[in-house]
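Accompanying notes for the structure given below.
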Amino acid sequence: MTNMLDAYAAIAGADVIRHLRQLAEPLQGKTVVHVNSTRQGGGVAEILEKLVPLTRDLGLNAHWEVITGDSDFFQCTKSMHNALQGNRLTIPGTLLDHYQDVNAQNAQQLCPMLEEADFVIIHDPQPAALLKYCANRKGKWIWRCHIDASRPHRGTWRFLERFVRDYDASIFSLPQFAQALPHPEYIISPSIDPLSDKNIDLPLAELDAVRARFDIDPDLPLIAQISRFDHFKDPVGVIEAYKLARRFIPKLQLILAGGGATDDPEAEAVLSDVYAAAENEPNIKVLVLPPDAHRTINALQRITDIVIQKSTKEGFGLTVTEAMWKGKPVIGGDTGGIRLQVVNFHTGFLVNTPEGAALRIRYLFNQPKKTQEMGVTVKNFVRENFLLTRQLREHLTLMYALQNGATNRIELG
Ligand code: UDP
């Protein structure tokens with residue numbers, strides 16, 4: 001029907017697109033509004049960028065709204081994020097009051113639209129309190145948690161739970177992240193868009209140009225972590241692993257590339273730790289990229305031999321999926337959503353320490369045949385499990401299920 005969906009048929013299969021159209025049929029014309037707190041940077045923005053237009057292509061009236069806030073607000077929500085991922089920190093009451101005030105201010109603008117929508121999907125803690133200020137909602141509200149909330153700081157979760165419990169449903173990326181809530185909870189893992197600038201095939205000349213631009217020697221081994229500068233992504237641990245691995249692979253090069261997100265105030269501090277750890281290391285390149293450097297990131301993921309994502313906490317880790325789609329085995333932190341993607345000896349290796357990462361780097365460079373085999377496995381693994389079309393199918397199914405209330409049986413035409 002539309003070119004965009006047809007283009008996906010070529011990658012995901014025509015039957016997948018037929019299935020999406022069938023699921024979308026009973027939802028024609030329904031309004032669905034996604035709300036998050038940044039238009040650029042981080043996995044949520046990455047997903048919404050394409051999920052929303054594709055939903056529209058299927059005949060739903062889909063929108064994406066972004067709340068605004070000042071630096072205190074984002075300081076507070078970053079602390080919430082860290083606390084939900086397990087950090088023991090108590091957020092001052094004044095900041096929590098401010099969090100609610102900012103949500104109330106955003107609600108003044110957004111409520112007329114949100115209250116009328118058939119489905120509202122609120123992403124992560126930042127806009128979670130909006131529901132409290134949109135008392136006359138007509139549709140179903142869903143809270144979508146992208147964070148590894150498996151062991152949240154109790155006080156912070158109790159604060160957030162006061163807002164989240166009133167939603168009609170919530171979505172978590174892994175069963176281990178789900179919380180005790182008085183509504184249906186769904187497990188939906190994120191996905192990548194194979195047709196975005198971040199993931200499409202690139203001409204060899206463009207890869208060469210990126211190598212030249214960042215002074216990367218094509219004849220020397222290269223590893224890379226491409227991720228926001230965030231303590232949970234452990235970029236300093238990657239540098240430690242690199243220094244250990246270099247004992248066995250003397251000419252090894254490392255790229256640490258990333259930027260911040262507009263809702264992340266901590267990137268600067270992490271970056272200065274990274275610069276300190278990389279001092280006097282000419283073969284470590286620290287690249288601070290602008291938020292729209294999608295093709296550059298694509299190229300970096302393609303030119304590297306191995307991708308590292310040594311997170312100590314990770315909701316999902318789209319960077320892992322992106323690397324795998326480009327045929328790269330991933331050495332990933334043994335945590336959260338990375339465990340869904342990285343299967344030891346098949347799609348990469350799970351590690352807990354810089355020493356573990358260094359050993360796996362050595363293994364992959366010493367076993368080129370195995371590394372090549374893994375390169376084939378990883379791409380098929382993403383095609384089967386982590387393409388946008390799968391996530392869209394699950395969103396449509398969820399909307400349909402919520403629309404049909406408590407009926408146990410759902411008939412598709
Ligand atoms: N990303 C980006 N620029 C950067 C760093 C990351 O565009 O400088 C992208 C990355 O390619 C991925 C997303 O941001 O698509 C990060 O998602 P992920 O789930 O890995 O982590 P999050 O940042 O959401 O914690």
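Along the sequence shown, residues carry numbers from 1. As the structure lists them, so they are numbered: ligands from 1, and atoms in each ligand from 1.
- Using 4.0 Å as the threshold, Q309 has no heavy atom nearer than that to any atom of ligand 1.
- Atoms of ligand 1 found under 4.0 Å from any heavy atom of G317 (numbered from 1 in listed order, with element): 19 (O), 20 (O).
- With a 4.5 Å cut-off on side-chain heavy atoms, I192 and K198 do not count as touching.
- Only the side chain of I297 comes within contact range of ligand 1, with a heavy atom under 4.0 Å; no backbone atom does.
- Between V32 and D118 the shortest side-chain heavy-atom distance does not fall below 4.5 Å.
- By the criterion of a heavy-atom distance under 4.0 Å, neither the backbone nor the side chain of H146 is placed next to ligand 1.
- When each atom of ligand 1 is checked for a heavy atom of G259 under 4.0 Å away, the hits are 4 (C), 8 (O).
- If you run side-chain hydrogen bond (donor to acceptor under 3.5 Å, both in side chains) between E322 and each of K328, Q301, Q309, only Q301 comes through.
- Nearest heavy atoms, I303 versus L222: O-CD2, 3.8 Å.
- Looking at H183 and S170, their side chains do bring a donor and an acceptor atom within 3.5 Å of each other.
- Polar contact check, G43 against ligand 1: a nitrogen or oxygen pair lies under 3.5 Å apart.
- Side-chain contact of S173 with R144: a donor-acceptor pair under 3.5 Å is present, judged by distance alone.
- The N/O atoms of L318, backbone and side chain alike, include one that comes under 3.5 Å of an N/O atom in ligand 1.
- Distances below 4.0 Å separate heavy atoms of T319 from the following atoms of ligand 1: 10 (C), 12 (C), 20 (O).
- Q341 and T347 share no donor-acceptor pair across their side chains, judged by distance under 3.5 Å alone.
- Near R228, meaning under 4.0 Å from any of its heavy atoms, are these atoms of ligand 1: 5 (C), 22 (P), 23 (O), 25 (O).
- Heavy-atom proximity to atom 21 (O) of ligand 1, evaluated over K198, Q301, K233, is greatest for K233.
- For atom 15 (O) of ligand 1, the nearest non-hydrogen atom from the set K313, E322, E314 comes from E322.
- Judged by distance alone, the side chains of N298 and E206 never bring a donor and an acceptor atom under 3.5 Å apart.
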